[in-house]
Amino acid sequence: MSVPNHFELLGRDGAARTGRLTTPHGVVRTPAFMPVGTAGAMKGLHWREVRDAGADIVLGNTYHLMLRPGAERIAALGGLQRFTTWNGPMLTDSGGFQVMSLAQLRKVSEKAVNFRSHIDGAAIELSPERAIEVQLLLGSDIAMQLDECVRLPAERADIERAMQLSLRWAERCKRAFEQAPDGHMLFGIVQGGDVPELRHASARGLVDLGFHGYAIGGLAVGEPQEVMLAMIEEAAPILPADRPRYLMGVGTPEDILEAVARGIDMFDCVMPTRNGRHGVAFTPFGPVNLRNARHADDPRPLDEDSDWPSTRNCSRAYLHHLVKSGETLGAMLLSEINIAYYQRLMRDMRGAIADGSFGTFRAQTRAGWAQGDI
Ligand SMILES: CO[C@@H]1O[C@H](CNc2nc3cc4c(=O)[nH]c(N)nc4cc3[nH]2)[C@@H](O)[C@H]1O
């Protein structure tokens with residue numbers, strides 16, 4: 001039985017693509033950046049700011065939400081969209097990655113991953129079937145398979161073991177997802193570390209199973225950018241051209257630009273909000289650290305040409321003062337400024353791909369970042 005396709009390719013420019021992904025809660029324009037609302041909130045922002053900044057879809061995490069407030073409780077309260085009042089498309093990660101990075105005393109077996117909650121030490125078992133059950137209870141529009149993500153560098157034998165386990169878990173997730181309501185999607189996740197032939201085997205195995213979309217995982221885990229980009233080049237051409245491709249956990253504006261140039265459609269990363277909370281703004285001329293004393297008397301805004309009010313109106317001196325004073329408003333303003341910058345980058349890439357000028361856009365954008373902040 002073929003898997004329904006909710007993705008429509010609208011244009012291509014080289015390997016770069018622009019399209020539309022239709023979900024039960026709305027349409028997602030691609031290339032798309034998904035702000036990360038891990039535990040059902042976007043740190044430092046109201047949902048209306050996330051929406052106004054141009055985000056079509058946000059990400060939530062199974063691991064966090066199943067531990068607190070609990071998947072059954074969110075289902076009883078109407079599902080994640082109603083519970084959070086975001087009310088738009090949502091993608092949920094399956095928990096595989098968070099278990100590896102957050103849980104204590106975790107043990108991976110064929111059956112499941114067993115761990116103790118980092119919140120209260122409760123013993124938890126997360127199987128492929130439970131990971132799907134949780135995401136169906138949350139009601140996310142796009143669910144992710146349960147997988148095992150190996151941090152790099154790693155031994156080839158361990159990368160291969162985790163890749164093969166993830167493929168077997170992909171099949172179990174696909175079976176468990178058969179009861180999902182119409183329109184909801186399940187993405188497989190390509191593993192294989194930094195080993196090309198393991199990336200090929202993983203991608204081919206997932207395509208043989210058939211998914212609504214395909215994520216490339218096991219990256220943005222400490223490897224150099226050139227390794228990440230090389231693994232995209234190994235995996236992307238094997239994935240169906242008419243289905244969405246999602247690079248998990250990525251990344252900086254440059255990572256995203258270069259991944260779009262290699263055929264990636266969807267991204268998520270904590271960087272815009274995390275760096276915002278640490279006083280760093282993303283701009284067309286590269287990152288600007290507002291903690292730096294050089295901003296103390298600077299009346300200029302971060303970018304007078306920006307269409308985002310805070311970026312165009314707040315002086316660097318004010319942002320520097322807020323950050324140095326530890327005012328909450330500093331973290332809030334820089335988080336919205338960064339989310340708005342990422343969404344503007346995605347919007348500009350969609351336009352450049354649509355009119356065949358992505359190559360020029362890529363060169364001009366990189367030149368702006370290289371110029372640095374003056
Ligand atoms: C380097 O910065 C740290 O790393 C994270 C971003 N990097 C990342 N790589 C990921 C890989 C996977 C994967 O293989 N599978 C599943 N299911 N989810 C994933 C989620 C991922 N996120 C940030 O959260 C930050 O803490």
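Heavy-atom basis, side chains included; hydrogens, waters and symmetry copies ignored. As the structure lists them, so they are numbered: ligands from 1, and atoms in each ligand from 1.
- Partner Glu129 forms a salt bridge (charged side-chain N to carboxylate O under 4.0 Å, His left out) with one of Lys111, Arg172, Arg175 and no other, that one being Arg172.
- Contact analysis puts Met248 in contact with ligand 1, with a non-hydrogen atom separation below 4.0 angstrom.
- If you look at Gln191 next to ligand 1, the close heavy atoms, those under 4.0 Å, all belong to the side chain.
- Ranking protein heavy atoms by distance to atom 9 (N) of ligand 1, first place goes to Leu219 O, 2.8 Å.
- Cation-pi geometry between Arg51 and Trp86 is met: under 6.0 angstrom from the ring centre, within 45 degrees of the axis.
- The atoms of ligand 1 that sit less than 4.0 Å from any heavy atom of Asp147 are 13 (C), 14 (O), 15 (N), 16 (C), 17 (N).
- In this structure the side chain of Ile353 never reaches within 4.5 angstrom of the side chain of Phe361, judged on heavy atoms.
- Among protein heavy atoms, atom 23 (C) of ligand 1 sits closest to Val270 CG2, 4.1 Å.
- Of all the heavy atoms of Ile189, the ones lying under 4.0 Å from any atom of ligand 1 belong exclusively to the side chain.
- For ligand 1, the polar-atom distance check against Gly96 finds no nitrogen or oxygen pair separated by under 3.5 Å.
- Distance check: Leu329 CG to Leu319 CG gives 8.5 Å after rounding to the nearest 0.5 Å.
- Comparing Ala220, Gly95, Cys269 by heavy-atom distance to atom 7 (N) of ligand 1, the nearest is Ala220.
- Between Phe282 and Tyr342, the angle of the ring planes goes over 60°, which puts this pair in the perpendicular group of the 30/60° scheme.
- Atom 6 (C) of ligand 1 has Gly249 O, 3.5 Å as its closest protein atom, hydrogens excluded (heavy atom only).
- Checked against a 3.5 angstrom limit, the closest N/O atoms of Asp93 and ligand 1 fall inside it.
- Ring-plane geometry between Phe115 and Tyr63 is classed as tilted, the angle between the planes lying from 30 to 60 degrees on a 0 to 90 degree scale.
- A cation-pi arrangement is found for Lys174 relative to Phe211, the charged atom lying closer than 6.0 Å to the ring centre and inside a 45° cone about the ring normal.
- Residues Met90 and Leu137 are members of separate hydrophobic clusters, defined by side-chain heavy-atom contacts under 4.5 angstrom among Ile, Leu, Val, Met, Phe, Trp and Tyr.
- Within ligand 1, counting atoms from 1 as listed, the ones closer than 4.0 Å to a heavy atom of Gly218 are 11 (C), 13 (C), 14 (O).
- With ligand atoms numbered from 1 in the order given, ligand 1 contributes 17 (N) to contacts under 4.0 Å with heavy atoms of Ser94.
- Here the protein heavy atom with the shortest distance to atom 19 (C) of ligand 1 is Phe97 CB, 3.4 Å.
- Taking the six-membered ring where the residue is Trp, His320 and His295 present tilted rings, their angle falling between 30° and 60°.
- Residue-ligand proximity, Arg274 to ligand 1, at heavy-atom distances under 4.0 Å covers atoms 25 (C), 26 (O).
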